[in-house]
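Notes follow once the structure below has been shown.
Residues take their numbers from the sequence shown, with the count starting at 1.
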Amino acid sequence: MKNVIYTLVLFFIAMSANAQCAMCRAALESSDSGIKPEAVNDGIVYLMIFPYLLVALIGYAIYRLRKKKIKPEMVG
């Protein structure tokens, strides 16, 4: 359970980072299209959440399945 909490804390700390890919940064710096860089950063973070969320859910499902298999062995 501690690992899950540490992972969540690390995930939310990482969300506050201001990062951009090189292509997005170049596009925002070269054009004066009125797009705010913060909006692009928010979009990148939004798109980045779902792969990590899927991996976390699959990992949690595997953890639960392994924990269920261990319980009957301990009883019998």
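- Both Y52 and V45 are assigned to one and the same hydrophobic cluster, defined by single-linkage of ILVMFWY side chains at heavy-atom distances under 4.5 Å.
- Every side-chain contact (heavy atoms from CB on, under 4.5 Å) that I62 has, sequence neighbours left out, goes to I58, R66.
- Here Y63 is tied into one hydrophobic group with Y60, each link being a pair of ILVMFWY side chains closer than 4.5 Å.
- Rounded to the nearest 0.5 Å, atoms CG (L47) and CD1 (I44) are 8.0 Å apart.
- V55 belongs to no multi-residue hydrophobic cluster, having no ILVMFWY side-chain contact under 4.5 Å with any other such residue.
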